[in-house]
Asker: 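Here it is: the structure, laid out below.
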2 protein chains.
Amino acid sequence: MRAVYVARKGAFKTISVSEEGEEQVIGFHLPGELIGLDALGSGAHRCEAVALNTSNVCEVPFDELSQVAAQIPGLQQQLMRVIGQSVSRDQQHMELLSRRQANERIALFLHGFGERLRHGGQSGTDFRLPMSREDVAHFLGLAFETVSRGFTRLQDEGLIEVDGRRIRLLDVERLDQVAHGVVATRTTAVASLGH
Amino acid sequence: MRAVYVARKGAFKTISVSEEGEEQVIGFHLPGELIGLDALGSGAHRCEAVALNTSNVCEVPFDELSQVAAQIPGLQQQLMRVIGQSVSRDQQHMELLSRRQANERIALFLHGFGERLRHGGQSGTDFRLPMSREDVAHFLGLAFETVSRGFTRLQDEGLIEVDGRRIRLLDVERLDQVAHGVVATRTTAVASLGH
DNA sequence: CGCCTGTTTGAACTAGATCAAGTGGCGTGG
DNA sequence: CCACGCCACTTGATCTAGTTCAAACAGGCG
């Protein structure tokens with residue numbers, strides 16, 4: 001597979017399956033985003049992409065890519081920029097995986113996902129997740145039960161509204177605070193102290 | 001900072017400092033390896049590099065890079081390959097951070113570090129770590145105490161020999177097994193059952 | 001209607017974090 | 001040359017966030 005793909009419609013996850021058969025979710029991809037950069041190195045994709053719903057992509061073979069890129073100077077830089085962004089995103093995700101705790105990860109994920117949808121012209125606060133709790137968990141490095149609990153907790157606090165995969169962000173600002181560890185999110189304790 | 005750097009001698013860590021002042025170690029860099037790709041995207045480096053001992057680097061300004069790259073077709077592809085490798089490495093690290101447990105991370109780290117040294121012409125089984133336990137911990141997403149305990153445990157099992165930062169890999173094969181979760185590494189329990 | 005898959009929720013367990021000493025090397029200054 | 005303090009490291013004890021196991025529930029579909 002010597003090509004890169006651009007998501008056109010729908011949503012994708014890229015996963016890498018370990019020898020034990022467990023799948024790790026590398027990332028999610030919305031329309032306009034790039035898939036398959038990992039193959040630049042070895043020539044082989046080390047992870048596979050899976051459509052999460054009816055979707056379509058645009059395939060860009062490597063050789064065409066680099067040929068065209070060499071001729072059009074703008075594209076060359078554009079490509080570098082996209083790659084750089086991807087690297088940045090990965091590094092941010094690594095930071096999430098190694099430092100943040102469950103609540104923060106979940107809040108960060110919801111907020112970020114909303115932003116990306118908004119960037120694509122959809123509502124950033126009222127949307128439907130295209131992936132399962134398990135996928136989210138595998139992406140955030142958590143057990144899916146933890147993700148589920150996280151969602152309900154955020155709902156109990158009034159920060160979001162959850163109905164299965166339908167999500168509504170009610171208080172983006174506070175959500176952001178949770179995401180950055182400003183708020184403790186010990187709801188149960190705090191709430192019971194409250195009265 | 002619109003440049004990329006190639007490590008020539010010594011060793012480096014790249015870190016990103018969070019708003020709370022905690023530093024996350026993004027990666028370590030040995031001679032011949034590339035530093036600073038993250039800036040390709042935004043034009044600004046989101047993390048800083050720190051020399052771990054007396055070292056030196058070779059600076060490659062961006063504009064020169066892309067100009068030269070555009071002229072020499074080989075370099076262009078070469079660059080892509082390096083970038084791809086970097087992306088791959090990051091993804092592997094993400095997998096480590098989200099799925100592997102402490103022992104596996106540590107074994108994987110030691111093994112991998114040895115490999116990289118060997119690749120650079122040094123001994124892959126007898127070396128001196130250029131970084132502190134804390135740096136290793138921040139890289140692996142663990143507490144430094146956990147790293148220290150991991151080292152001693154591996155030593156107790158006879159897989160490695162530790163003397164401060166001096167490391168000797170005694171049984172690379174078993175180390176590799178630990179790294180891939182084949183062995184439970186519940187030494188204490190097993191050992192006491194043994195007699 | 002019953003099955004299947006995804007989700008929520010509860011209860012128990014544990015890996016690893018955190019807190020807290022204790023150790024040893026090493027440079028500085030007396 | 002030794003005393004001191006500093007730093008990186010080890011080791012022990014406790015605590016907890018998150019995993020794991022288990023059960024119940026809801027919606028969709030044959």
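All chains are named by letter (A, B, ...) in the order of the sequence lines, taking the proteins before the strands, and each is independently numbered beginning at 1.
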Asker: May I have the distance from R105(B) (atom CZ) to dG16(C) (atom P), rounded to whole angstrom?
Answerer: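 It works out to 7 Å between those atoms.
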Asker: Quick check for you: among dT11(D), dA15(C), dA17(C), whose closest atom lies nearest to any side-chain atom of T146(B)?
Answerer: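 For T146(B), the side-chain atoms sit closest to dA17(C).
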Asker: What is the nucleic acid contact for F144(A), judged by heavy atoms within less than 4.0 Å: base, sugar-phosphate only, or nothing?
Answerer: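 If one applies the 4.0 Å heavy-atom cut-off, F144(A) turns out to touch a base.
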Asker: May I ask you to say what S132(B) touches in the nucleic acid, namely base, sugar-phosphate or nothing, with a heavy-atom cut-off under 4.0 Å?
Answerer: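 The answer is sugar-phosphate, as S132(B) gets under 4.0 Å only of primed atoms, P, OP1 or OP2.
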Asker: Taking atom P of dA15(C) as reference, at what distance in whole Å does atom CG of L142(A) sit?
Answerer: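 Computing the L142(A):CG to dA15(C):P distance gives 18 Å.
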Asker: Rounded to the nearest angstrom, tell me the gap between atom CZ in R153(A) and atom P in dT7(C).
Answerer: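 Computing the R153(A):CZ to dT7(C):P distance gives 20 Å.
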Asker: Nearest to the side chain of R149(A), which nucleotide is it out of dT10(D), dG10(C), dT7(C)?
Answerer: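 Between dT10(D), dG10(C), dT7(C), the one nearest the side chain of R149(A) would be dG10(C).
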Asker: Would you name the heavy atoms of L108(B) and A179(B) that are closest together and state the gap between them?
Answerer: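 L108(B) and A179(B) have their closest heavy atoms at CD1-CB, 3.4 Å.
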Asker: Specify the separation, in whole Å, of atom CD of E161(A) and atom P of dT8(C).
Answerer: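 For the pair E161(A) CD and dT8(C) P, the rounded distance is 14 Å.
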Asker: Please give, in whole Å, the distance from dT10(D) C1' to R165(B) CZ?
Answerer: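 Going from R165(B) (CZ) to dT10(D) (C1'), I get 14 Å.
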Asker: Given S98(B), which of Q24(A), H138(A), H93(A) fulfils the side chain to side chain donor-acceptor pair (under 3.5 Å) condition?
Answerer: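 Among Q24(A), H138(A), H93(A), the one meeting side chain to side chain donor-acceptor pair (under 3.5 Å) with S98(B) is Q24(A).
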Asker: Would you please classify the geometry between the F113(A) ring and the F28(A) ring as parallel, tilted or perpendicular, with 30° and 60° separating the classes?
Answerer: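 Perpendicular, since the angle between the ring planes exceeds 60°.
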Asker: Checking all strands, does G141(A) fall into the base, sugar-phosphate, or nothing category for heavy-atom contacts under 4.0 angstrom?
Answerer: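 Sugar-phosphate, backbone atoms only, no base.
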Asker: Looking at every heavy atom in both P31(A) and K9(A), which two are closest together, and how far apart are they?
Answerer: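 Minimum heavy-atom separation between P31(A) and K9(A): CG-CA, 4.0 Å.
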Asker: Can you check the L129(B) CG to dT10(D) C1' distance for me, whole Å?
Answerer: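 So the two atoms are 16 Å apart, to the nearest Å.
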Asker: Can you identify which nucleotide, out of dA17(C), dT11(D), dA8(D), has its nearest atom closest to the T152(B) side chain?
Answerer: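 That would be dT11(D).
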Asker: Using the rule given for salt bridge (Lys or Arg N to Asp or Glu O under 4.0 Å), can you reason through R116(B) versus E33(B), listing the C-alpha separation, both sets of side-chain angles and the distance that settles it, and then say yes or no?
Answerer: CA-CA 10 Å; R116(B) 281 162 70 186; E33(B) 299 178 351; 2.7 Å; yes
Asker: For Q101(A) and dT19(D), what is the distance between atoms CD and P respectively, to the nearest whole Å?
Answerer: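 For the pair Q101(A) CD and dT19(D) P, the rounded distance is 12 Å.
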Asker: I106(B) CD1 to dT10(D) C1': how many Å, rounded?
Answerer: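 To the nearest whole Å, that distance equals 14 Å.
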Asker: Between dG18(D), dG16(C), dT10(D), which nucleotide gets closest to the side-chain atoms of S148(B)?
Answerer: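 My answer, after comparing the listed nucleotides, is dT10(D).
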Asker: Nearest of dG18(D), dT9(C), dT7(C) to any side-chain atom of E145(A)?
Answerer: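 So the nucleotide nearest the side chain must be dT9(C).
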